[in-house]
K.L.:
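One structure, pasted below without further comment.
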Amino acid sequence: MRLLILLTFLLTFSSYAQDSFSSEDYNVSRNDLETNIFKKDTTANALVIYEYGNSYINKNTFFLNFEYKQKLKILKRDGFEKATIKIYLYNSNKKKEKVTDIYAETQNLVDGKVVRTKLNKDQIFTERYNANYTLVKFTMPNVQEGSVITYRYEMESPFIYKYKGWEFQDDIPKIHSEYHTSIPAIYEYNIKLVGQLPLVKNETGRKNRCIEGGNGTYADCFTADYVMNNIPAFVEEDYMTTRDNYLSKIDYELRIIRYFDGTVDNITKTWETADKELKTDENIGRQLNKNVASNVTIADSILSETNLLKRAKGIYKYVQNNFTWNERYGIYNESSVKELTREKSGSVAEINILLHNLLEEYDIEVSPVLMSTRGNGLPTKIYPVISDFNYLIVQAKINNKTYLLDATDEYLSFGELPFRCLNQYGRKLDFKKGSEWIDIAPKKVSTIVYKAELSVNEDELIEGQLHASSSGYHAIPLKKAYFSNKQDYVNYFNEKNSNIEVIDHSTKTKEKSEFIFDEDFEIEYSPEAVGDNIYINPFIFNFFKENPFKLQERTYPIDFGYKDAYLYNLTLELNDLYEVVEMPESKTFNLPNNTGQVNFISKTENNQVKIYLKINFSKAIYEQEYYSYLKDFMSNVVDIQNNSLIVIKKK
């Protein structure tokens, strides 16, 4: 019995050892080489087993020093790209970062023996990356599936204001990542932890007299130890803004320098200081005060309009239709609204400052709003970082209602922002009362509504009318396609739905900037017949052809950008010629806290088949805790649309 227990223990231990990595330190263990699958993420092509970083201010040079080590496992051939290491070095005004003491090796298990292949110095290359960065790059030698790569280096930087940040998360999983910092008390940084993943260690301490300034002066250092374990890969998926918003990391921004001679340099500004600088800035404040009414020609009927909302809409439409966005972002691009009025083309800041100034000149209460687009990341709210902003819009207050305006797109309705702007919040500038944060979110729900009234004739042909109505952000791409080329729009519909023939198409929407795009189709198509039965897919259009959510778990929010709803209503007249053999089952299901609903009703009534599907999302942004529920929710929606069949036969 004891022998059996011992054998069981050894087998269990062996099994455990074969499925474990040594993430405690940088040294490569036998388990690291023998284990070739990561059970927590079997899709991973590579894995960081151990990662270490240490940043400190050198007491002799006062430069920032950074030490880095990584132990990485290549699990699949697709992971070979991780064997190419890139180190980016910043340079500015003849100062530059430099990297030293690069050491790297690849370890493989060959016939049970460990084979080490070291990186030679002539395999390390340096190249110019762009105006501000140099790239040091090397590719590890003898990389195979199952290889374990270890490399380390040291970096020296004269740029104290660019204290080294740390990314815990990457596009491959990590088992262990730790970062250590030591910051002299003479430097004060704003420290920002980004992302949703928890630290398993977050400890601070103090190191006495770590740096000296001469003449008996010195400073203590504040130390910090950050550790994160079992970090999932960050995989980008639909319905998200830039990964920089959610990647688990630590960022630093220098706030104050207290020199040893007693002087203090405030690097990071307060919003009060930032507002003063923006007010006098050539590209923003001074441009916002330019009188431009004499440089443009707006119809007198618009300017003399006594209804403020109609006057504002007229001015907005004038700017929309007469000035073209050159697709340049930014708020510091040598903006000139007077040059815009001559050239008729300009940056987003120029166009919307022109809109601001015209509205203000004709008695509309307006304020400029600085913001960051979805692809640019969220601006920090902790302290003013003007470089975080790359966009400017206008807030108008009319009859106690607030409208957010952007005149760069002729397809936007009044009060509607481009999708790129739906990034939660912005900073409204007020050079008299002071700036403030405001929410940026659409007030209206975007919708898609289909209403089909069809009938089956005696030749088993389905024909009838389909009315489609799209609003808000669902309408914009349709309007752009339709007004660009109306015939191509109908042709594309026919190509996309090859089994359906469009007999006629019309729309009631006459203006590009209307909020709703209404269209009517006269269609016909032949359903599939098998024996005596006729099989009819009730969904001429699918709202979702497949489930966009495919990850096992998601560590960042699901950001749709706006609230929306979908409605499909079908009435199929059987003309007393057919009888129903089978109908799809009605279903209803909800997201937690009633934040989303699906209602699917299938019934027969007065020799008619009626199908009703309504999908509603009552939040624009869902926290990642909703992910598994949304995944199931969308799976059900797709299943209803793809697998609901009406079966009929002739009487």
Side-chain angles (χ1 to χ4, degrees), residues 275 287-293 296-323 337 348-349 351-371 391-419 421-447 469 471-473 475-476 479 509-518 561-565 618 620:
D275 288 345
Q287 294 299 316
L288 289 165
N289 289 321
K290 299 283 185 183
N291 294 319
V292 290
V296 298
T297 306
I298 304 176
D300 290 338
S301 59
I302 294 173
L303 302 180
S304 60
E305 174 63 61
T306 56
N307 183 301
L308 285 181
L309 182 58
K310 288 183 178 180
R311 187 190 308 166
K313 285 183 176 181
I315 294 170
Y316 173 77
K317 191 171 182 179
Y318 168 80
V319 177
Q320 257 188 322
N321 294 337
N322 288 276
F323 299 92
V337 291
V348 64
I351 288 174
N352 286 332
I353 289 175
L354 172 64
L355 173 66
H356 169 279
N357 293 359
L358 287 172
L359 289 171
E360 188 171 55
E361 285 183 57
Y362 291 104
D363 303 322
I364 307 296
E365 183 184 347
V366 289
S367 300
V369 178
L370 299 183
M371 57 161 299
Y391 213 88
L392 184 145
I393 60 174
V394 178
Q395 183 195 75
K397 285 190 175 181
I398 305 168
N399 301 327
N400 297 319
K401 288 187 177 181
T402 302
Y403 303 86
L404 295 177
L405 306 175
D406 182 330
T408 61
D409 189 336
E410 61 184 336
Y411 290 93
L412 296 173
S413 62
F414 187 85
E416 192 175 23
L417 296 176
F419 181 74
C421 293
L422 304 185
N423 202 24
Q424 300 188 35
Y425 53 82
R427 189 78 182 184
K428 186 184 78 169
L429 301 181
D430 186 327
F431 298 134
K432 294 179 180 178
K433 299 178 182 178
S435 63
E436 62 177 340
W437 294 105
I438 63 167
D439 292 333
I440 294 178
K443 295 180 180 179
K444 296 180 180 179
V445 176
S446 294
T447 61
S469 178
S471 70
Y473 294 98
I476 291 172
K479 289 188 295 181
T509 304
K510 304 303 179 186
E511 298 286 340
K512 296 178 180 179
S513 59
E514 288 185 40
F515 185 74
I516 297 174
F517 183 61
D518 277 321
Y562 51 86
K563 300 176 185 178
D564 59 357
S618 56

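Just so you know, these numbers come straight off a predicted model, no measurement behind them.
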K.L.:
Do the side chain of Asp406 and the main chain of Glu416 share a donor and acceptor less than 3.5 angstrom apart?
P.N.:
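Judged by distance alone, no pair lies under 3.5 Å.
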
K.L.:
Who pairs with Glu511 by salt bridge (Lys or Arg N to Asp or Glu O under 4.0 Å), at least two apart in sequence or on another chain?
P.N.:
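Expected list: Lys317.
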
K.L.:
Could you label the plane-to-plane angle of the Tyr562 and Phe419 rings as parallel, tilted or perpendicular, counting under 30° as parallel and over 60° as perpendicular?
P.N.:
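If you compare the ring of Tyr562 with that of Phe419, the planes turn out perpendicular.
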
K.L.:
Is there side-chain contact between Leu355 and Asn352, with at least one heavy-atom pair below 4.5 Å?
P.N.:
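Side-chain contact under 4.5 Å: yes.
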
K.L.:
Given the rule in the side-chain contact (heavy atoms from CB on, under 4.5 Å) test, do Val296 and Asn322 qualify, once you have shown the distances and angles that lead to the verdict?
P.N.:
CA-CA 10 Å; Val296 298; Asn322 288 276; over 6 Å; no

K.L.:
Just by distance, do the side chain of Gln287 and the backbone of Val337 share a donor-acceptor pair under 3.5 Å?
P.N.:
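Yes; at least one donor-acceptor contact below 3.5 Å.
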
K.L.:
List in chain and number order the residues that pass side-chain hydrogen bond (donor to acceptor under 3.5 Å, both in side chains) with Ser367, two or more places apart in sequence or in another chain; answer none if no residue qualifies.
P.N.:
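Not a single residue meets the side-chain hydrogen bond (donor to acceptor under 3.5 Å, both in side chains) criterion with Ser367.
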
K.L.:
Under the ring pair (Phe, Tyr, Trp, His ring centres under 6.0 Å) test, which residues partner Phe414, sequence neighbours left out?
P.N.:
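Applying ring pair (Phe, Tyr, Trp, His ring centres under 6.0 Å) to Phe414 gives Tyr316, Tyr403.
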
K.L.:
Check for a donor-acceptor pair, side chain of Asp363 on one end and backbone N or O of Leu308 on the other, with a separation under 3.5 Å.
P.N.:
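Not confirmed, Asp363 side chain does not pair with Leu308 backbone.
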
K.L.:
Between Ala312 and Ile364, which heavy-atom pair has the shortest distance, and what is it?
P.N.:
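Between these two residues, the closest heavy atoms are CB-CD1, 4.1 Å.
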
K.L.:
Within the structure provided, determine whether Ile440 and Ile393 are in side-chain contact (heavy-atom separation under 4.5 Å).
P.N.:
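Result yes, sub-4.5 Å side-chain heavy-atom pair found.
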
K.L.:
Suppose the criterion is side-chain hydrogen bond (donor to acceptor under 3.5 Å, both in side chains): which pairs have a residue in residues 431-442, not counting sequence neighbours?
P.N.:
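Non-adjacent pairs meeting side-chain hydrogen bond (donor to acceptor under 3.5 Å, both in side chains): Asp275-Ser435, Arg427-Ser435, Lys428-Glu436.
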
K.L.:
Does the side chain of Tyr391 come within less than 4.5 Å of Asn423's, by heavy atoms?
P.N.:
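When only atoms from C-beta onward are counted, Tyr391 and Asn423 do not touch, as no gap falls below 4.5 Å.
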
K.L.:
Is there a donor-acceptor pair closer than 3.5 Å between any side-chain N or O of Gln320 and the backbone N or O of Asp409?
P.N.:
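Yes, because the side chain of Gln320 sits within donor-acceptor range (under 3.5 Å) of the backbone of Asp409.
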
K.L.:
Walk me through whether Lys290 and Val292 qualify under side-chain contact (heavy atoms from CB on, under 4.5 Å).
P.N.:
CA-CA 6 Å; Lys290 299 283 185 183; Val292 290; 4.2 Å; yes

K.L.:
Using the test ring pair (Phe, Tyr, Trp, His ring centres under 6.0 Å), find all partners of Phe431 that sit at least two apart in sequence or belong to another chain.
P.N.:
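Once residues adjacent in sequence are excluded, Phe431 has no partner under the ring pair (Phe, Tyr, Trp, His ring centres under 6.0 Å) criterion.
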
K.L.:
Find out whether Pro418 and Leu412 are in side-chain contact, i.e. whether some heavy atom of one side chain is under 4.5 Å from a heavy atom of the other.
P.N.:
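Yes, at least one pair of side-chain atoms sits under 4.5 Å.
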
K.L.:
Distance only, no hydrogens: is a donor on one side chain within 3.5 Å (strictly under) of an acceptor on the other, for Thr509 and Asp518?
P.N.:
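No, because no side-chain N or O of Thr509 sits under 3.5 Å from a partner of the opposite role on Asp518.
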
K.L.:
Sequence neighbours excluded, which residues qualify as salt bridge (Lys or Arg N to Asp or Glu O under 4.0 Å) partners of Lys563?
P.N.:
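Scan of Lys563 (salt bridge (Lys or Arg N to Asp or Glu O under 4.0 Å), adjacent residues dropped) gives none.
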
